[in-house]
Amino acid sequence: MTNIAEALSEDAEVHVLCGPLGYGELQSSSKGLPGITFHRLNAFNFDKNNIINRLLRLLFLSMGMFFYGLFKINKKDSVFLVTNPALSIPLFSLLKKVKKFNYSILVHDVFPENLIPANIIRSKSNLIYMGLKSVFNWSYRKADKLIVLGRDMADIMSGKTKNKTEISIIENWADLENIQVSTFEENDLIEELGLRDKIVFLFAGNLGRLQGLSYLMELIKEVDNNLLHFVFVGNGALLEKLNDFAKTEELNNVTFLGSLPRSKQNVFLNACHFGIVTLEQEVYGLGVPSKTYNILASGRPVFFIGNKKSEVAQMINEFKCGVCFDKDERAETINFLNTLNERNLQVFRLMGLQARSVAEGNYAKEAILNKFKKIMLNEV
């Protein structure tokens, strides 16, 4: 968001309304950046690991934003809202009816649909869920513009708004500056792990409930190809479960490295032949993994398991920069993995070069920020 604010500040006066300075943030950001004024709200120091405390924190932050907007935002202003905290969406939709300002929402999370795959709400017939859906669908319809991350999300939001709100797609960008293409054979992490003679698949990111990782581990269990090795970088709710499964099933072709510092990202993203992206089927249209674009930046093809209508699958098929499998294509996925060898790997190395080219041509930071400027500053 800081990068987007900086881009907009080149042509407009920008005020950022946000919570207190988080751990690890630069102190300079609390004083503002050139052309940007920060207004920080007190969200109180609740324990983030306690769900009740987290909800209270989000409630206080959302209400603080609402009352700030009630007294400070004018009709001539343009409001650009992100979907976290979620409660701010209906509150600002109400505020728009009173203040009549121009109102855009950047949709990173689709609420309340995202509560179902996260198992926070079990059923779509739940009365609380149905009530929340009605409120949020109304809220999204009140926006002048919705900015979404992919074509699948645009599809979902079109249904929620009954095509009454303008929807634009602006993808995440690839970190082309900090992630460069380097050879697998000369990678320090590969040398350390002793995997130089293997075909390596790398999953780097949150090991959470929405990623479909339990299904991936079941696939790995059935693979009969001694050349393959699977490396997982990151932490998350399923780390212990996945690790236990690998030990119980004696999966010697799986390595968990835990979290690695961002400064090592260029090293570990290049420590593979394929970058893994997986999503549960029901996550269709609810988000686009940003790590996909950094896999492209590293010059690796994407190995995707998920809904073939999703943005990631559509991108892979459009640009020929990886392979994708639906969860129902279990036999086809295993066959692909079992038939990989050094001879046919060259085809996928060429896909990796294509992936970097796609990142540079379609998902460069400057190009994506220009999309925000055109939409937000009405240049189109």
Side-chain angles (χ1 to χ4, degrees), residues 109-110 113-119 124 148-159 169 171-172 199-225 228 230-232 236 238 241-242 245 249 251 253-254 272-296 300-340 344-345 347-348 351-352 354-355 358:
D109 302 292
V110 180
E113 281 81 354
N114 58 351
L115 299 180
I116 298 292
N119 288 322
K124 292 183 180 180
V148 299
L149 302 177
R151 287 161 281 191
D152 52 354
M153 192 178 285
D155 178 44
I156 295 295
M157 297 307 296
S158 293
I169 299 172
E171 304 88 348
N172 289 307
I199 297 174
V200 177
F201 287 72
L202 174 79
F203 181 95
N206 177 41
L207 305 178
R209 296 182 177 88
L210 305 184
Q211 279 68 40
L213 293 172
S214 294
Y215 174 77
L216 176 61
M217 293 299 290
E218 290 284 354
L219 285 178
I220 294 172
K221 175 185 172 183
E222 295 185 43
V223 169
D224 184 23
N225 186 343
L228 304 192
F230 297 83
V231 177
F232 292 83
L238 290 187
K241 177 182 177 181
L242 298 174
F245 180 88
E249 300 296 334
L251 301 181
N253 59 344
V254 175
C272 66
H273 296 94
F274 294 86
I276 301 173
V277 179
T278 57
L279 284 174
E280 291 284 6
Q281 295 290 105
E282 59 266 32
V283 182
Y284 170 80
L286 304 187
V288 180
S290 58
K291 63 187 173 189
T292 307
Y293 303 96
N294 285 342
I295 292 172
L296 301 181
R300 266 54 181 182
V302 179
F303 175 74
F304 176 70
I305 298 176
N307 194 311
K308 281 193 168 182
K309 295 181 181 179
S310 69
E311 176 64 28
V312 176
Q314 289 192 60
M315 180 199 69
I316 289 171
N317 290 327
E318 180 179 355
F319 296 115
K320 312 301 180 191
C321 56
V323 292
C324 53
F325 297 94
D326 193 277
K327 194 172 182 179
D328 293 333
E329 298 177 312
R330 189 183 189 98
E332 292 87 342
T333 311
I334 293 172
N335 181 64
F336 169 79
L337 295 171
N338 281 339
T339 56
L340 269 178
N344 57 30
L345 193 60
V347 174
F348 300 104
M351 274 191 185
Q354 170 68 1
V358 168

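Keep in mind that this is a model prediction, so the values were computed, not measured.
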For the residue pair Ala313 and Cys324, what are the closest heavy atoms and their distance? CB-SG, 4.2 Å

Any sub-3.5 Å donor-acceptor pair from Asn225's side-chain atoms to Leu340's backbone N or O? yes

Quick one: are Asp326 and Glu329 in side-chain contact, heavy atoms under 4.5 Å? yes

I want to check something: taking the side chain as every heavy atom from C-beta on, are Tyr284 and Ile156 in contact at a cut-off of under 4.5 Å? yes

Leu337 versus Leu228: any side-chain heavy-atom pair under 4.5 Å? yes

Does Asp224 CG have over 12 foreign heavy atoms under 6.0 Å away? no

dist Lys221:NZ -> Ile334:CD1 (nearest 0.5 Å) comes out at 11.0 Å

Mind checking whether Phe348 and Phe274 have ring centres under 6.0 Å apart? yes

At their closest point, which heavy atom of Val288 faces which heavy atom of Asn172, and how far apart are they? O-ND2, 3.6 Å

Heavy-atom distance under 4.5 Å between the side chains of Met157 and Val110, does that happen here? yes

Student check: side-chain heavy atoms of Leu286 and Pro117 closer than 4.5 Å: yes

Which atom names give the shortest non-hydrogen contact between Met315 and Tyr293, and what distance separates them? SD-CE2, 4.1 Å

So with a 6.0 Å cut-off around CZ of Arg151, is the heavy-atom count from everything else above 12? yes

Write down the atom of Val277, the atom of Pro289, and the distance for their closest heavy-atom approach. CG1-CG, 3.8 Å

Using side-chain contact (heavy atoms from CB on, under 4.5 Å), reason through Ile116 and Lys124 one step at a time and then give a plain yes or no. CA-CA 7 Å; Ile116 298 292; Lys124 292 183 180 180; 4.2 Å; yes

Any side-chain heavy atom of Leu251 within less than 4.5 Å of one from Met217? yes

Would you compute the distance between atom OG1 of Thr333 and atom CG of Asp328 and round it to the nearest 0.5 angstrom? 10.0 Å

Can you tell me if Glu311 uses its side chain to pair, donor with acceptor, with the backbone of Leu149 under 3.5 Å? no

Within 6.0 angstrom of Lys308 NZ, more than 12 heavy atoms from elsewhere: yes

Looking only at heavy atoms, which two atoms of Thr339 and Asn344 are closest? And how far apart? O-ND2, 2.8 Å

One should read off an interatomic distance between Leu296 CG and Gln354 CD, to the nearest 0.5 angstrom, of 9.5 Å

Taking all non-hydrogen atoms of both residues, which atom of Arg330 and which atom of Glu222 are closest, and how far apart? NH2-OE2, 2.7 Å

Full working for side-chain contact (heavy atoms from CB on, under 4.5 Å) between Ile199 and Leu345: CA-CA 9 Å; Ile199 297 174; Leu345 193 60; 4.1 Å; yes

Going through the distances and angles, do Val231 and Cys272 end up as a side-chain contact (heavy atoms from CB on, under 4.5 Å)? CA-CA 8 Å; Val231 177; Cys272 66; over 6 Å; no

Taking the six-membered ring for Trp, are Phe325 and Phe336 closer than 6.0 Å centroid to centroid? yes

Report yes or no: is the cationic atom of Lys327 (NZ for Lys, CZ for Arg) under 6.0 Å from the centre of the six-membered ring of Tyr215, at an angle within 45° of the ring normal? yes

Do Leu219 and Ile305 pass the side-chain contact (heavy atoms from CB on, under 4.5 Å) test, and can you show the C-alpha distance, the side-chain angles, and the key distance before you say yes or no? CA-CA 11 Å; Leu219 285 178; Ile305 298 176; 3.6 Å; yes

Ile220 side chain reached by Val254 side chain, heavy atoms, under 4.5 Å: yes

SG of Cys321 to CZ of Arg300: how many Å apart, nearest 0.5 Å? 14.0 Å

Of the options Phe203, Phe230, Phe201, which is the one that meets Phe303 in a ring-ring contact (aromatic ring centres under 6.0 Å, His included)? Phe201

Do Leu202 and Phe232 come within less than 4.5 Å of each other through their side chains, counting heavy atoms only? no

Side-chain ion pair, Glu280 and Arg209, N-O less than 4.0 Å: no

